[in-house]
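One-based numbering, in listed order, for ligands and for the atoms of each.
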Amino acid sequence: MGRLHFFAVFSAAVLFQFPAVASSGNGSHGNALPAPVTDADYIDNGAPDPAKVELGAQLFFDKILSGNLNISCATCHHPFAGTGDGLSLPVGEGGRGLGVTRDTGVGDDAVHERVPRNAPALFNLGAREFNRLFHDGRVQLNAIFPNGIDSPAGFDLPDGLDGPLAVQAMFPVTSATEMAGQPGENSIADAAAADNLAGSNGVWAQLAERLQGIDGYVGQFVTIFDDVNTADDIRFTHAANAIAAFEAANWRADNSPFDRFLRGERAAMSLSAKAGMRIFYSPRKGNCASCHGGVFQTDHSFRAIAVPQVGPGKGDGEFDYEDFGRERVTGNPMDRYRFRVPSLRNVAQTAPYGHSGAFNTLDAMLRHHFDPVASLYAYDIRQAVMPSRPDLDSRDDRAISDPTVRASIAAANELSPVSLSEREIGDLVDFLHALTDPAMLDMRDDVPGSLPSGMVLAD
Ligand code: HEC
Ligand code: HEC
C-alpha cells in the first residue's frame, strides 16, 4: 500500500518535472522530492543569540576543555576539513597536527588507541529533525530522561540543556581517547575513568571550574545566561548550550543548488544533476530516497549496508574487535551492524565515508552501495586514511579479515544491489555535488581570532 502510494506520487512528480511535494508534518520521506527547507525547520528559527554563538565558537576551538590541554572539538570537526578531520578514524588526545597531517604523538603522550568511528560532519544539526545523534543514535529523544533526552549518562545527565545537540557536547570531554586523557595523567581523566561525570568533583564540575577562572569567559557567560550572575554559577551545561548554538548557526547549510531548485529556481541545477536527482528519487533506478529521503537526505533510520569494519571496533563480539552499531543502544540483535543513515548535505566535502571511514572517495562509497556484499568481500584497507603506527595498524583489519565476522556483516545487509550505467553514475555524482552549499566551501571565518584562555589555535 505505502509503496504504491509513493510510486503514484513519484510518477506525478516526474510528469510535472518534480514540483516539490508538500511536507506532511516533520518532512516528507520516501521517494518524493522534499519540500524546501525553511527557517521553521531549525531551532530558534535558525537565528540563535549571536553572543551565545560567539562564545560557542571560542569554546569549540579551545583546548581548555581537554584534560591534558592538547585537543579541542575543532581538532576532529574542523572548518578546514568540512567539519570533520579528513581521516577514516580520528586521532584523539595525544596526537599532533590537524587533518590528514595529524600524527599519533610521541613518548608517554602518544595516543593509546584509535577512536573507533569516523568523525561525522556537523551540517544542519540545528534542524529540529536531527534528534538522534551519533552513528548508533545513543543520544536520542526519550521523555523519561532529564531534558527529555536519553544519552550515555542516563539519569545523571544534568537539566538545563537546550536539546540533543547540547546534550551531545557533554560527552567528548568525558572520553579518555577523545579529550579527557588516560587515568593518572590529569584529574579530569581520573574522574572520567571512575565514571564520575556529574559528581561534585566529576568531569563536568572540573571543566566548569576551569572556565570560572578565566575572566574573558566569565563576562560572556554572565551576559548571555540569565541564571549566571557570578563565576560560581557557570556550569558545563552552559558551555554545551553555547557550543550547540555555534554548531547550529555556523553550519546551517541550506542554500545548495538543490535547495534553490526546490525553491523554484529551475536553472540552479545542471541538466546532469537533474538527471541524477531523478535517479536518486526513482524507486526503479537508484532507490536512494527509500533511506536518504526527507529534507536533508536522511530518514534518520538505522540500516545495515555491509560497510567494512575498519579499526579497533567498539569492543563487541567474541574478540572485542567488532562494532555492533545500533544494537549497542537497543540491545536488539536485529539491530546488529545497523548504522544511522547519514544526511548527504555537503557530502562531496566530507570524505572518508561510512561509520568507520572505510571508503576514501565518494565514488568508492557509491560503488559499495551498488553491490554491498561483493564490495565488502573485495574491500582493500589500503584506501583507509590514518597515520600509520605498527601496533595500531595491526588492529585495524582484524574484523574485516575474520571470515566469520565478514560473513555476519554480509548476512545482515539490507541494501539491494542497484544496476546503473556509467553515465547514470556520473549524473548521480553530479546530483550529490549539487547538495553542496557554496557558503560551506570557505569556512575560514568560523575560526576565532583568539581565545580568552590564551590557548593556541594551531591544531
Ligand atoms: C578525537 C576526535 C573528536 C573530538 C575531539 C570531538 N569529536 Fe565529535 N565526534 C567524533 C566522532 C568519532 C563522532 C562519532 C562517534 C560515534 O558515533 O560513536 C563524533 C560525533 C559528534 C557529533 C554527532 C554528529 C551526528 O551527526 O550524530 C557532534 C555534534 C559532535 N561530535 C560534536 C563535537 C563537539 C561539540 C566536540 C567538543 C566538545 C567534539 N565533537 C569533539 C570525534 C570527535
Ligand atoms: C537501505 C538504505 C540505504 C539506501 C537505499 C541507500 N543508502 Fe546510502 N547509506 C545508508 C547507510 C546506513 C549509510 C551509512 C553506513 C555506515 O555508516 O556504515 C549510507 C551512507 C551513504 C553515503 C556516505 C555518507 C557519509 O557521510 O558517510 C553516501 C554518499 C550514500 N549513502 C549515498 C547513497 C546513494 C547515492 C544511494 C542510492 C544509490 C544510497 N545511498 C542508497 C543507507 C542507504
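- Counting heavy atoms under 4.0 Å from ligand 1, residue Thr75 does not touch it at all.
- Between the side chains of Tyr321 and Asp402, at least one donor N or O lies within less than 3.5 Å of an accepting N or O.
- Around CD of Glu414, the count of heavy atoms belonging to other residues, nucleotides or ligands within 6.0 Å exceeds 12.
- Contacts with ligand 1 closer than 4.0 Å are made by backbone heavy atoms (N, CA, C, O) of Asn118 only, the side chain lying farther away.
- Checked against the 6.0 Å centroid criterion, the rings of Phe60 and Trp251 qualify as a close aromatic pair.
- Taking the six-membered ring for Trp and the full ring otherwise, Phe171 and Phe134 have centroids separated by 6.0 Å or more.
- The residue from Pro90, Ser72, Gly92, Ala244 that puts a heavy atom closest to atom 5 (C) of ligand 1 is Ser72.
- Distances below 4.0 Å separate heavy atoms of Leu165 from the following atoms of ligand 1: 29 (C).
- Seen from the ring of Phe324, Arg336 counts as a face-on cation partner, given the 6.0 Å and 45° thresholds.
- When Pro342, Ala121, Pro308 are ranked by how near their heavy atoms come to atom 19 (C) of ligand 2, first place goes to Pro342.
- Expressed to the nearest 10°, the angle at atom 8 (Fe) of ligand 2 joining NE2 in His369 with NE2 in His292 is 170°.
- For atom 27 (O) of ligand 1, the nearest non-hydrogen atom of the protein is Phe134 N, 2.6 Å.
- Counting atoms of ligand 2 from 1 in the listed order, those under 4.0 Å from a heavy atom of Leu344 are 22 (C), 24 (C), 28 (C), 29 (C), 30 (C), 32 (C).
- Protein heavy atom at the shortest distance from atom 17 (O) of ligand 1 is His135 N, 2.8 Å.
- Counting backbone and side-chain atoms alike, Cys76 contributes no N/O/S atom closer than 2.8 Å to atom 8 (Fe) of ligand 1.
- A donor-acceptor contact closer than 3.5 angstrom is absent between the side chains of Ser72 and Asp62.
- In this structure, atom 35 (C) of ligand 1 lies nearest to the protein heavy atom Glu247 OE2, 3.4 Å.
- Residue-to-ligand polar distances keep Glu414 apart from ligand 2: every N/O pair is separated by 3.5 Å or more.
- With distances taken over non-hydrogen atoms, the option nearest atom 15 (C) of ligand 2 out of Ile409, Ile425, Ile305, Leu415 is Ile305.
- Regarding atom 41 (C) of ligand 1, its nearest protein heavy-atom neighbour is Pro172 CB, 3.5 Å.
- In summary, the atoms of ligand 2 found under 4.0 Å from a heavy atom of Val307, numbered by their order in the structure, are 15 (C), 16 (C), 18 (O).
- Ring pair His300/Phe130: centre-to-centre distance below 6.0 Å.
- Here the two rings, on Phe258 and Phe431, have centers that are under 6.0 Å apart.
- At the shortest separation from atom 13 (C) of ligand 1 among protein heavy atoms lies Pro120 CD, 3.3 Å.
- The shortest N or O to N or O distance between Gly354 and ligand 2 is below 3.5 Å.
- Counting non-hydrogen atoms of other residues, nucleotides and ligands closer than 6.0 Å to CG of Asp380 gives a total above 12.
- Remark: aromatic rings of Phe339 and His355 are close, center separation under 6.0 Å.
- When Arg117, Glu93, Met170 are ranked by how near their heavy atoms come to atom 12 (C) of ligand 1, first place goes to Arg117.
- Side chains of Gln58 and Gln220: a donor on one and an acceptor on the other come within 3.5 Å.
- For atom 36 (C) of ligand 2, the choice among Ala348, Cys288, Pro372 with the nearest heavy atom turns out to be Cys288.
- Ligand 1 has a nitrogen or oxygen under 3.5 angstrom from a nitrogen or oxygen of Arg340.
- Shortest contact from atom 34 (C) of ligand 1 to any protein heavy atom: Cys73 SG, 3.5 Å.
- Set against the non-hydrogen atoms of Ile243, the atoms of ligand 1 under 4.0 Å away are 35 (C).
- Compare Arg328, Glu178, Gln168 by their heavy atoms: the one nearest to atom 32 (C) of ligand 1 is in Gln168.
- Relative to atom 3 (C) of ligand 2, the option among Gly325, Pro283, Cys291 with the closest non-hydrogen atom is Cys291.
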